[in-house]
Amino acid sequence: MRARVYIMLTLVVLFVQVFVLNNLSISPLVAPMVYIVILLMMPIEFSQWKMLGAGLLLGVVMDLTMGTAGLNTLVTLPIAFFRRPLLYALTGLSPMSKEEGIPTIKRLGVRFHRYFAIVIVLHSLLFYFAEWLSFDNFGTLLLRILCSTLCSLLLDYIIIMLFMKRLSA
């Protein structure tokens, strides 16, 4: 049952990212990236190999649809690799507890918000620094990171609220 919900979540998020957000011109400073929510909502017990595979596949799909020549893959792989250690460090879960299931607001409370926000900020920092590849106009870069991150956080929370009940069942 949960596998179908993940597939539906993935398809909805990819559709929204590829066909709506990538073609929406809000401002040069705002380019929300919601596809990272797919990696954040993977089960806690997923191995590093599964996460890296999911990160690679997600990055390649986004690169092919956005025409970014490896930029998304470059950013999603570290997020996928460090997701589990970040989850444990930011939520207080113990690797020894053999915790299973989805990281949800109901399960983790305020700790979930900290984990979610920090990983999305980290993703935005990596993505826009890799895209910019320069410290020229550093103020504009920081403003773009801030605006895009806030917009991404808002949209990601909406997506999570839509799927939370189904994923935690």
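Atom set for the values below is all heavy atoms of this structure, side chains included, hydrogens, waters and symmetry mates excluded. When a residue number appears, it is its place in the shown sequence, counting from 1.
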Nearest heavy atoms of [X] and [Y], plus distance in Å:
X	Y	result
A80	Q48	O-OE1, 4.5 Å
L39	G55	CD2-N, 3.9 Å
F163	M8	CE2-CE, 3.6 Å
I44	Y88	CG2-OH, 4.1 Å
T76	G59	OG1-CA, 3.5 Å
N72	M66	ND2-SD, 3.5 Å

Calculate, to the nearest 0.5 Å, the distance between atoms [atom1] and [atom2] belonging to [X] and [Y] respectively.
X	Y	atom1	atom2	value
I160	L155	CD1	CG	11.5 Å
Q17	L58	CD	CG	9.0 Å
L21	S152	CG	OG	8.0 Å
L133	L71	CG	CG	8.5 Å
I145	W132	CD1	CH2	8.5 Å
Y157	H113	OH	NE2	5.0 Å

With a 4.5 Å cut-off on side-chain heavy-atom distances among I, L, V, M, F, W and Y, is there a chain of contacts connecting [X] to [Y]?
X	Y	value
M41	L122	yes
V75	L77	yes
F46	L57	yes
M161	Y115	yes
F127	F129	yes

Decide yes or no for [X] and [Y]: does some side-chain heavy atom of the first lie under 4.5 Å from some side-chain heavy atom of the second?
X	Y	result
L74	L126	no
P78	F81	no
T140	L29	yes

Side chain of [X], backbone of [Y]: donor and acceptor closer than 3.5 Å?
X	Y	value
T65	M62	yes
R84	E45	yes
S148	M33	no
R111	L87	no

Under the criterion side-chain contact (heavy atoms from CB on, under 4.5 Å), I'd like the reasoning laid out for F82 against V119: C-alpha separation, chi angles, the key distance, then a yes or no. CA-CA 9 Å; F82 290 111; V119 173; over 6 Å; no
side-chain contact (heavy atoms from CB on, under 4.5 Å) partner of L64, the single match among V60, T68, V61: V60
I120 vs L40, test: side-chain contact (heavy atoms from CB on, under 4.5 Å). Steps then yes/no. CA-CA 9 Å; I120 290 176; L40 294 176; 3.8 Å; yes
Got a sec, which residues hit ring-ring contact (aromatic ring centres under 6.0 Å, His included) with F15, two or more places apart in sequence or on another chain? F19
Report the residues that fulfil ring-ring contact (aromatic ring centres under 6.0 Å, His included) with F112, sequence neighbours left out, ordered by chain and then residue number. F116
Please test V12 against I159 for side-chain contact (heavy atoms from CB on, under 4.5 Å), starting from the C-alpha separation and ending with a verdict. CA-CA 9 Å; V12 167; I159 290 169; 5.9 Å; no
Just to verify, what does D156 make a side chain to side chain donor-acceptor pair (under 3.5 Å) with, not counting sequence neighbours? none
Ion pair present between R144 and E131, side-chain N to carboxylate O less than 4.0 angstrom? yes
Does H123 form a ring pair (Phe, Tyr, Trp, His ring centres under 6.0 Å) with Y128? I'd like the steps, not just the answer. CA-CA 9 Å; H123 175 263; Y128 291 110; 8.2 Å; no
